[in-house]
Student: 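Let me give you the structure first, and then I'll get to my questions.
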Amino acid sequence: MEHIEKELKEGIKFHQIKTDKFKTNLVAIFLTTSLKRETVTQNALISSVLRRGTQNMPSQELISKELEEMYGAAFDCGLDKTGDNQVLKFYLETINDNFLPPLGENMWKVATEKLLEIVFNPLVEQGGFKEEYVNQEKENVKQRIEAKIDNKAKYALDRCIEEMYKEEPFGLYKFGYVEDLDKLNAKNLYEAYQQLIKHCKIDIFVSGILNDDIENEVMQNENIQKLQARKPEYQIPNMQLKKVEQEKVVTESMDVAQGKLVLGLDLAIEKEELRYHVMLYNSILGGSANSKLFQNVREKAHMAYVASSSYVRYKNNIFVNCGIEIENYEKALNLIKEQIEAMKKGDFTQEEIENAKKGIISGIQAIEDEQDTQVVYYYGQELSQYQMSIEQYKEKVMQVSKEDILAIADKVTIDTIYFLKN
Amino acid sequence: MQIIENLKVKEKVYMEKLENGLAVMVIPKKDVLKKYLIWGTRYGSIDSEFIVPGEKEKTQVPMGVAHFLEHKMFEQENGTNSLDVLTALGVNANAYTSNDHTAYLFECTENFYEAMDELMDYVQHPYFTDENVEKEKGIIGQEIKMYDDYPDWRVYYNSLEAMYHNNPVKLDTAGTIESISKIDKDVLYRCYQTFYHPSNMVLVVCGDFEPEKMIEEVKKRLIPNKQTGEITRIYPTEPEEIVKEKVEQTLEVSQPLFTIGIKDKPEVCGVENKNVMIKKQIAIEILLNLIIGRSSALYQELYQNGILYAQPSLEYEFSNIYAHVLITGQSNQPEEVYQKFKMEIKRFKTEGIDEKDFLRIKKMIYGGYIREYNDVGDIARMFLADSMKGINSFDYLEEMEGINVEYLKQVLNDVFKEDKMVLSIVKN
């Protein structure tokens, strides 16, 4: 495995991950831009419209047919909220030539060209996107925004985040807002696209069994040539010290069979180095089957099937998730609070720490065995502007001590308690 | 030991049937750190009526026992829980129950053999008490309720309810709060002793291993087991007809979810008949993509008219007692999707299948099969699930070639019948 990166132009980076572990080659383009209420909806719509057609493949049907012809090259695009950034992600995964009938198709090259075309050479008519596509995609994005309620557990988590980050970028919904769709049209959306492409951070990844000339091919690509150097406008994630306010309780009703309880926890820490300590803290609190939440809420009290926590490192929060009987709200909440208190008292052993480390390290070691995980791992480094090998990463985790975890426990406060009931 | 190599995907599987009847498969993956072990038994949610080998009377158990048993297998006599022990080793352990099998698994990068010790030990040593069975009812009860809140889960089960009169495939894998209340330790022991015999089981390992040595490692960890006779599984007779064409449920959703189901006649599963099953499955996959796949005229029309916003998922599920096509998506006009889908099938039946389109979709599906071999977990799970039906996963890559337009037409006429279709809707 080899990871090589090269700045093609200022603000535009090309990353090669040379690996022979997979049957596939993966090309990914990430457009990173600051998350803002004014642009969140239009960016979601742009991502949707780009899939519809390019200058050379003017319809979705043609794009689909070309990809099917390439042994079902898998195209995917998505939106992510990474810290205070909105990231437009585009992927194209193809079968490596070694596993195809011998036609010498040079699949990665075609794939790279196609994906660059989809992102940087959209179908333009009369100085705007194609109107029909924009109108249809407005409906599509509207549907996606409204679909937020369909997965109730995910909805509860999204709502908790919104409550915690009211009036802040991270509180925005990544697909945007229905009322903002009205004012968008083929023309102003295309202008917004041009601004985005001019100013966003661009990262292009290729992973797989790669030819040596790939870098040249990409540099010569006309869609890349068209792009200008830029000082990219995005937010470098940094640990923010949160103003600790009073614990907020939000309860909402919906037609649900089971109550969904989410606790948003704040961590009053600033140093980047401390995130390894938080990983351990989270693992012991609710990150595994041996954790306090799983053992006490599920196994001992039999109150839940799901009882866990996860760490959102870009924002320095931990979220506790539980699905419970609605009338057990008080009991479950107290039990969760007891676990957070137990962590503060240091009610965990050296053995538990060692076990948690093993689990985390196993996950780190598996990064190289998963193509998309590996891409996201290097993107995370790129975004945070630090470089760390897998070995160094493991080392950081190994060094965490009980005192370190206790120090984290001390900085944990409950920010918001969100409960979805019927 | 049998070695099968597939030159298309460039992988090998080493297979051995041990003396006690256990089938072991090893798929070596050089230079990959991740390792995966999965041990499954042919016992799923559909198996609630059977004759225990050596007995005459049939046994009937409440629905949800296979899944309940899966939960309880982790509990050990010495007071430990194997899930905790495995997690403490830093491995990612889990288990699942499907319609036709139950499986125990772990994935790791280190401590493989310690984890293998633990997994093979707990699967061979059940320990059920009144108390530990009782407490699990609370946990599984919450699992059932969690699924009650998943609209995609409801729309799926409701479509099965509409298709099947008696077939147990329509029953929730986890059972109901009511059915699991009847489960006790005796039922669990009885099912364990019937279905967890090595001759009813398959163990698959994928990772950087020497296959011969791995098979020895498996043998070392097996406890002696008497040969038993065949398990007789009793399934109710199922008419070919559907129950009712339409079924609706109310849940709070942004837009209706729908599943179009097509009830099909199950083929005899097993090694003798595997080519028939595989060819049919591939043909149905190709047909579904031609009719309503991403590049199809119908999908493009529905998308442009705002009736579909995303490609529906296309599936064919089968065992030796059930077989059905499922098309699942979200739409503000599910009836319209259903009617258009039926019309499109008629059009295909009269106008025929375009050779160019067929070849393109075939290429796409071939690529999809190759892609399955990227991850050790995907590979091991695939080989296990296929083996439950008597299929070797490599066969899909080989049977592809024999499929032509003539055969597709035959399957189109045999399977895509209007009077076998149902529409399940979940909406506000």
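Within every chain, numbering begins at 1; the chains are lettered A, B, ... in the order of the sequence lines, protein sequences first and strands thereafter. Only heavy atoms go into these numbers, but all of them, side chains included; no hydrogens, no water, no symmetry mates.
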Student: Given heavy-atom pairs under 4.5 angstrom as the criterion, report whether the side chain, backbone, both or neither of A:Glu352 touches chain B.
Tutor: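 Neither part; nothing is under 4.5 Å.
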
Student: Stepwise, does the salt bridge (Lys or Arg N to Asp or Glu O under 4.0 Å) test hold for A:Glu93 with B:Arg371?
Tutor: CA-CA 9 Å; A:Glu93 184 195 78; B:Arg371 195 168 285 149; 2.4 Å; yes

Student: Using a cut-off of under 4.5 Å for heavy-atom pairs, which of A:Ile149, A:Val306, A:Asn135 has the most such pairs with chain B?
Tutor: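 Heavy-atom pairs under 4.5 Å are most numerous for A:Ile149.
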
Student: Using 0.5 Å steps for rounding, measure from the CG atom of A:Asn290 to the OG1 atom of B:Thr87.
Tutor: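 With rounding to 0.5 Å, CG (A:Asn290) is 4.5 Å from OG1 (B:Thr87).
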
Student: Picking from A:Gly363, A:Ala356, A:Ala147, A:Ala301, which has the most non-hydrogen pairs under 4.5 angstrom with chain B?
Tutor: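 Top option by heavy-atom pairs under 4.5 Å: A:Ala147.
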
Student: Quick one: of A:Glu299, A:Glu354, A:Glu351, A:Lys357, who has the most non-hydrogen atom pairs under 4.5 Å with chain B?
Tutor: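 Looking at each option in turn, the highest pair count goes to A:Glu299.
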
Student: Which region of A:Asn151, side chain (C-beta onward) or backbone (N, CA, C, O), has a non-hydrogen atom less than 4.5 Å from a non-hydrogen atom of chain B, or is it both or neither?
Tutor: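 Contact with chain B is through the side chain of A:Asn151 alone.
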
Student: Have a look at A:Glu68 and tell me which of B:Arg360, B:Lys356, B:Arg294 forms a salt bridge (charged side-chain N to carboxylate O under 4.0 Å, His left out) with it.
Tutor: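 By the salt bridge (charged side-chain N to carboxylate O under 4.0 Å, His left out) criterion, A:Glu68 pairs with just one of B:Arg360, B:Lys356, B:Arg294: B:Arg360.
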
Student: What residue, out of B:Leu359, B:Asn111, B:Thr109, B:Asn81, has the most heavy-atom pairs lying under 4.5 Å from chain A?
Tutor: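 Most pairs with chain A among the choices: B:Thr109.
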
Student: Let me know if A:Tyr133 has heavy atoms under 4.5 Å from chain B in its side chain, its backbone, both or neither.
Tutor: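 Contact with chain B involves no heavy atom of A:Tyr133 at all.
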
Student: Of all of A:Gln295, A:Glu325, A:Glu139, which one pairs up most often with chain B through heavy atoms under 4.5 Å apart?
Tutor: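 Heavy-atom pair counts peak at A:Glu325.
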
Student: Under 4.5 Å from any heavy atom of chain A, what part of B:Asp31 do you find: side chain, backbone, both or neither?
Tutor: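 For B:Asp31, backbone heavy atoms alone lie under 4.5 Å from chain A.
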
Student: Check A:Glu370 with B:Lys34, please: is the shortest side-chain N to carboxylate O separation under 4.0 Å?
Tutor: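 Looking at B:Lys34 and A:Glu370, the cut-off is met.
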
Student: Which value, rounded to the nearest 0.5 Å, describes the distance between A:Leu100 atom CG and B:Ile370 atom CD1?
Tutor: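 If I round to the nearest 0.5 Å, the distance is 7.0 Å.
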
Student: What part of B:Tyr373 gets within 4.5 angstrom of chain A, counting heavy atoms only: side chain, backbone, both, or neither?
Tutor: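 Contact with chain A involves both backbone and side-chain atoms of B:Tyr373.
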
Student: Tell me, for B:Ile139 versus chain A, whether the close heavy atoms (under 4.5 Å) come from the side chain, the backbone, both or neither.
Tutor: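 Both parts, backbone and side chain.
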
Student: Just wondering, do B:His71 and A:Tyr305 contact through their side chains at under 4.5 Å, heavy atoms?
Tutor: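 With C-beta onward as the side chain, the pair touches.
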
Student: Does the pair B:Tyr303 and A:Asn140 meet the rule for a side-chain hydrogen bond (donor to acceptor under 3.5 Å, both in side chains), with working shown?
Tutor: CA-CA 9 Å; B:Tyr303 188 95; A:Asn140 199 337; 2.9 Å; yes

Student: Enter the distance from B:Ser254:OG to A:Gln143:CD here, rounded to the nearest 0.5 Å.
Tutor: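 Answer rounded to 0.5 Å: 4.5 Å.
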
Student: Do B:Lys8's NZ or CZ and the ring of A:Phe99 fall within the cation-pi criteria of under 6.0 Å and 45°?
Tutor: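 No, cation not above the ring by the 6.0 Å, 45° rule.
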
Student: Can you tell which part of A:Arg144 gets under 4.5 Å to a heavy atom of chain B, answering side chain, backbone, both or neither?
Tutor: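 Answer is neither: A:Arg144 stays 4.5 Å or more from chain B.
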
Student: Check whether B:Glu143 gets within reach of chain A through its side chain, its backbone, both or neither, counting any heavy atom under 4.5 Å.
Tutor: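 Both parts, heavy atoms under 4.5 Å.
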
Student: Output the option from A:Gln365, A:Lys260, A:Glu146 having the highest count of non-hydrogen pairs under 4.5 Å with chain B.
Tutor: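 Most heavy-atom pairs under 4.5 Å with chain B: A:Gln365.
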
Student: At a heavy-atom separation under 4.5 Å, does A:Ala366 approach chain B through its side chain, its backbone, both, or neither?
Tutor: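 Both backbone and side chain.
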
Student: Give a yes or no answer on whether the side chain of B:Asn374 reaches the backbone of A:Phe22 with a donor-acceptor pair at less than 3.5 Å.
Tutor: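 A pair under 3.5 Å: no.
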
Student: Do you know which of B:Ser295, B:Cys108, B:Ser296 has the most heavy-atom pairs under 4.5 Å to chain A?
Tutor: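 Among the listed options, the one with the most contacts to chain A is B:Ser295.
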
Student: Under a 3.5 Å distance rule, please check whether A:Asp150 uses its side chain to pair with a backbone N or O of B:Val253 as donor and acceptor.
Tutor: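 No, A:Asp150 side chain to B:Val253 backbone: no donor-acceptor pair under 3.5 Å.
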
Student: Under 3.5 Å, is there a donor on one side chain and an acceptor on the other for B:Gln304 and A:Gln136?
Tutor: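 No pair is found: no donor N or O on one side chain lies under 3.5 Å from an acceptor on the other.
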
Student: For B:Glu252 and A:Lys152: C-alpha separation, side-chain torsions, deciding distance, then whether salt bridge (Lys or Arg N to Asp or Glu O under 4.0 Å) applies.
Tutor: CA-CA 9 Å; B:Glu252 206 159 334; A:Lys152 306 296 185 284; over 6 Å; no

Student: Among B:Ile144, B:Ile365, B:Leu89, B:Asp375, single out the residue with the greatest number of heavy-atom pairs under 4.5 Å to chain A.
Tutor: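 Ranked by heavy-atom pairs under 4.5 Å with chain A, first place is B:Leu89.
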
Student: Heavy-atom distances under 4.5 Å only: say whether B:Gln311 touches chain A with side chain, backbone, both or neither.
Tutor: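 Neither part.
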
Student: Heavy-atom pairs under 4.5 Å with chain A: which of B:Leu83, B:Asp148, B:Val9 has the most?
Tutor: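 Of the candidates given, the most pairs with chain A belong to B:Val9.
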
Student: Under 4.5 Å between any side-chain heavy atoms of A:Ser362 and B:Glu110, yes or no?
Tutor: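 A side-chain contact under 4.5 Å is absent here.
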
Student: Quick check on A:Ala73 against chain B: is it the side chain, the backbone, both or neither that has a heavy atom closer than 4.5 Å?
Tutor: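 For A:Ala73, the contact with chain B is made by the backbone alone.
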
Student: If you count heavy-atom pairs under 4.5 Å between each of B:Ala88, B:Ala310, B:Gly367 and chain A, which one has the most?
Tutor: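 Among the listed options, the one with the most contacts to chain A is B:Ala88.
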
Student: Do you know the tightest heavy-atom contact between A:Gln258 and B:Asp149?
Tutor: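 Heavy atoms of A:Gln258 and B:Asp149 come nearest at N-OD2, 3.0 Å.
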
Student: Does a side-chain N-to-carboxylate-O contact under 4.0 Å join B:Lys363 and A:Glu69?
Tutor: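 Yes, this pair counts.
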
Student: For A:Asp255 and B:Leu251, which heavy atoms make the closest approach, and how far apart are they?
Tutor: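 For A:Asp255 versus B:Leu251, the nearest heavy atoms are OD2-CA, 4.1 Å.
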
Student: To the nearest 0.5 Å, what is the distance between OG (A:Ser288) and CG (B:Leu86)?
Tutor: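 The distance works out to 11.5 Å.
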
Student: Name the region of B:Lys30, side chain, backbone, both or neither, that has any atom closer than 4.5 Å to a heavy atom of chain A.
Tutor: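 No part of it gets close to chain A.
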
Student: Between A:Lys358, A:Met303, A:His302, who has the most heavy-atom pairs with chain B when the cutoff is under 4.5 Å?
Tutor: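 Option with the greatest count: A:His302.
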
